[in-house]
K.L.:
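Supplied in structure tokens, the structure appears directly below.
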Amino acid sequence: MSVKIITAAKQLPQYSRTTEDILPLVDVWLDGQEERFVKKVKKIFEGASVDKRYSIMEPSEVFTATSFEEKNDIYSREMIVLGHQVLEKALQKANWDPQSLDYIITVSCTGIMIPSLDAYLINKMKLRQDIVRLPVTEMGCAAGISGIIYAKNFLKSNPGKRAAVIAVESPTATFQLNDFSMPNIVSAAIFGDGAACCLLSSDEKDEGPEILDEQMYHFYDAEHMMGFKLTNGGLQMVLDIEVPDTIASHFGDIIHPFLKQNNLEIKDIDHMIFHPGGKKIVNTVEQLFSGLNKNINDTKEILRQYGNMSSATVLYVLERIMDRNPQKGEKGLMLSFGPGFSAQRVLLQW
């Protein structure tokens, strides 16, 4: 009995600005700072390989002093809107009735909601009252793939069932106005808001790429490398400068044994579905993959168009590839990294 990904869909918030449009706001934010520091920060924004970012707030609001409560209220309100829109879009794309869903997983790390998003979606869309729900809240950028792994394990044990994984993120809601540290600045330069949904099924009648295997990989003694610190002002970004080098040093152990367990080598993979963590991480992984005659052009394009939307971003890459209708027998490797520090992998076959 196989588990397949049926479709993927994305939903963007209503506000957006190009990098060029954001720079004047950065000037206002940095007013009073040393000129050399201001130039350095603007260079980070200009060199982030992100042309445009979307946001649940007007950009001027992002750079306005507000409390954690106010920002989180906006996050909660807009995540319900985006989650509803993207689930509805995915269901329409697959031609599924909302009542056919057996399992709903919602993923987010950029705000706090209790009850979690899935409860609101059950009511808004009148999903079945016996639907199984799972909120995933502390896996960061890796959680889009984590959700797929959890859905796959549920469906593997329950033939003929359907699941939805919905990732909704607003990194702009975590921006710290009074924090001029590099993690906060780099985060502001590379992140944007967005939502995505993928639908999975263990029903033989449903068609899509099959999940051949899935696995997590945990880095020892690396909890400090990435995450959020909860402060009075909100969620403060934690981002260690060593992340790209740490990924590079473990890369072979993450990729090759996983493929070998499935009697495959990297040359057998047709589609690299990699989460665009940021320019440095993308460049690091691109160099590692290029030595294996593989490219991550789709990942780079998603970063350019939307920025890093945390857990949702890898699903944007997946949608881009699925919409090209890969040939039967072609294989894809999904890969993302997140707090812990950890890597998540899913092997697909069309």
Side-chain angles (χ1 to χ4, degrees), residues 17-53 55 57 59 62-66 68 71 109-111 138 140-142 169-193 219 221-250 275-287 300 303-304 306-311 313 336-342:
R17 288 293 186 277
T18 63
T19 296
E20 187 180 359
D21 292 333
I22 289 173
L23 289 177
L25 294 169
V26 173
D27 278 325
V28 174
W29 174 47
L30 298 176
D31 185 41
Q33 299 289 322
E34 290 185 6
E35 186 179 347
R36 186 170 62 176
F37 179 70
V38 173
K39 286 181 178 178
K40 181 180 179 180
V41 172
K42 291 176 75 172
K43 193 172 181 181
I44 290 171
F45 272 82
E46 290 169 336
S49 297
V50 179
D51 288 355
K52 195 174 189 179
R53 299 158 191 78
S55 174
M57 293 174 272
V62 177
F63 288 94
T64 300
T66 53
F68 179 34
K71 283 275 171 67
C109 69
T110 45
E138 279 107 20
C141 294
E169 300 285 12
S170 176
T172 58
T174 72
F175 176 70
Q176 302 290 298
L177 192 68
N178 298 316
D179 179 5
F180 300 101
S181 67
M182 274 301 116
N184 190 52
I185 289 164
V186 170
S187 171
I190 66 174
F191 280 99
D193 300 349
F219 296 64
D221 303 317
E223 304 98 319
H224 64 283
M225 297 197 71
M226 183 183 288
F228 282 119
K229 180 183 178 183
L230 184 56
T231 71
N232 290 334
L235 296 168
Q236 184 180 45
M237 173 62 68
V238 175
L239 187 61
D240 196 285
I241 195 171
E242 295 299 320
V243 168
D245 289 341
T246 301
I247 290 173
S249 66
H250 287 256
H275 167 74
K279 183 181 177 179
K280 285 188 176 180
I281 294 175
V282 167
N283 287 346
T284 297
V285 174
E286 184 174 42
Q287 288 172 11
K300 291 166 65 178
L303 181 66
R304 185 187 70 78
Y306 311 108
N308 178 351
M309 299 162 286
S310 192
S311 65
T313 327
S336 63
F337 298 90
F341 192 65
S342 70

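All values below were derived from every heavy atom in this structure, side-chain atoms included, with hydrogens, water molecules and symmetry-related copies excluded. If you read the sequence from its start, that first residue is 1, and numbering goes on from there. If you're wondering where the values come from, they're calculated on a predicted model, not measured in any experiment.
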K.L.:
Quick one: NZ on Lys39 to CD1 on Ile44, what's the gap to the nearest 0.5 Å?
P.N.:
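Between Lys39 NZ and Ile44 CD1, I get 15.0 Å after rounding to 0.5 Å.
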K.L.:
So, taking the atom named CE in Met237 and the one named CE in Met226, what distance separates them when rounded to the nearest 0.5 Å?
P.N.:
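One finds 7.5 Å between CE of Met237 and CE of Met226.
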K.L.:
Among Asp245, Ile241, Ile247, Thr246, which one satisfies side chain to side chain contact (heavy atoms under 4.5 Å, CB included) with Val243?
P.N.:
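The side chain to side chain contact (heavy atoms under 4.5 Å, CB included) with Val243 is passed solely by Ile247 among Asp245, Ile241, Ile247, Thr246.
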K.L.:
Given Gln236, which partner from the list Asp179, Thr231, Thr174 fulfils the side chain to side chain donor-acceptor pair (under 3.5 Å) test?
P.N.:
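When side chain to side chain donor-acceptor pair (under 3.5 Å) is applied between Gln236 and each of Asp179, Thr231, Thr174, only Asp179 qualifies.
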K.L.:
If you round to the nearest 0.5 Å, how far is CZ of Phe191 from CE of Met309?
P.N.:
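If we round to the nearest 0.5 Å, Met309:CE and Phe191:CZ are 10.5 Å apart.
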K.L.:
Taking the side chain as C-beta and beyond, is there a heavy-atom pair between Met182 and Leu239 under 4.5 Å?
P.N.:
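A side-chain contact under 4.5 Å is absent here.
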K.L.:
Out of curiosity, Met225 CE to Phe337 CZ, how far, rounded to the nearest 0.5 Å?
P.N.:
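Those atoms lie 11.0 Å apart.
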K.L.:
Is it true that Asp27 and Lys42 have a side-chain N and a carboxylate O under 4.0 angstrom from each other?
P.N.:
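Salt bridge flag = yes for Lys42 with Asp27.
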K.L.:
Between Ser49 and Val282, is the side chain to side chain contact (heavy atoms under 4.5 Å, CB included) condition met? List the steps.
P.N.:
CA-CA 10 Å; Ser49 297; Val282 167; over 6 Å; no
K.L.:
One pair to check against side chain to side chain contact (heavy atoms under 4.5 Å, CB included): Leu177 and Phe175. What are the steps and the verdict?
P.N.:
CA-CA 6 Å; Leu177 192 68; Phe175 176 70; 3.9 Å; yes
K.L.:
For the side chain to side chain donor-acceptor pair (under 3.5 Å) test, which of Thr19, Thr18, Asp193 pairs with Arg53?
P.N.:
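The residue from Thr19, Thr18, Asp193 that satisfies side chain to side chain donor-acceptor pair (under 3.5 Å) with Arg53 turns out to be Thr19.
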K.L.:
Looking at every non-hydrogen atom in both residues, tell me the closest pair between Pro339 and Gly140 and how far apart they are.
P.N.:
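Closest heavy-atom pair between Pro339 and Gly140: CD-CA, 3.6 Å.
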K.L.:
Write down the atom of Asp21, the atom of Pro24, and the distance for their closest heavy-atom approach.
P.N.:
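For Asp21 versus Pro24, the nearest heavy atoms are O-CD, 3.2 Å.
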K.L.:
Nearest 0.5 Å, what's the CG-CD distance between Asp31 and Gln33?
P.N.:
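Between atom CG of Asp31 and atom CD of Gln33 there are 9.0 Å.
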K.L.:
Where do Pro59 and Leu25 come nearest, in terms of heavy atoms and distance?
P.N.:
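Closest pair (atom of Pro59, atom of Leu25, distance): CB-CD1, 3.5 Å.
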K.L.:
Looking at every non-hydrogen atom in both residues, tell me the closest pair between Pro276 and Thr313 and how far apart they are.
P.N.:
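Residues Pro276 and Thr313, closest heavy atoms: CG-CG2, 3.4 Å.
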K.L.:
Just by distance, no angles: are the side chains of Ser181 and Asn184 close enough, under 3.5 Å, to form a donor-acceptor pair?
P.N.:
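Looking only at side-chain atoms, Asn184 and Ser181 do not form any donor-acceptor pair under 3.5 Å.
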K.L.:
Which heavy atom of Thr110 sits nearest to which heavy atom of Ser170, and what is that distance?
P.N.:
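Smallest heavy-atom distance, with atoms named: OG1-N, 2.8 Å.
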K.L.:
Could you give me the CA-CA distance, side-chain angles and deciding distance for Cys141 and Ser311, then say whether side chain to side chain contact (heavy atoms under 4.5 Å, CB included) is met?
P.N.:
CA-CA 4 Å; Cys141 294; Ser311 65; over 6 Å; no
K.L.:
Compare all side-chain heavy atoms of Phe37 with those of Ile185 and state whether any distance is below 4.5 angstrom.
P.N.:
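Yes. Closest side-chain heavy atoms under 4.5 Å.
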K.L.:
Nearest 0.5 angstrom please: Tyr306 OH to Lys52 NZ, how far?
P.N.:
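Result: 9.0 Å between the selected atoms.
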K.L.:
Mind listing the closest non-hydrogen atom pair of Ser336 and His275 along with its distance?
P.N.:
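Closest heavy-atom pair between Ser336 and His275: CB-CB, 3.6 Å.
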K.L.:
For Leu23, does the CG atom sit with more than 12 other heavy atoms under 6.0 Å from it, leaving out its own atoms?
P.N.:
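Enclosed.
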K.L.:
Please evaluate residues Val41 and Phe180 with respect to the criterion side chain to side chain contact (heavy atoms under 4.5 Å, CB included), reporting the C-alpha separation (whole Å), side-chain torsions for both, the decisive distance (0.1 Å), and the verdict.
P.N.:
CA-CA 9 Å; Val41 172; Phe180 300 101; over 6 Å; no
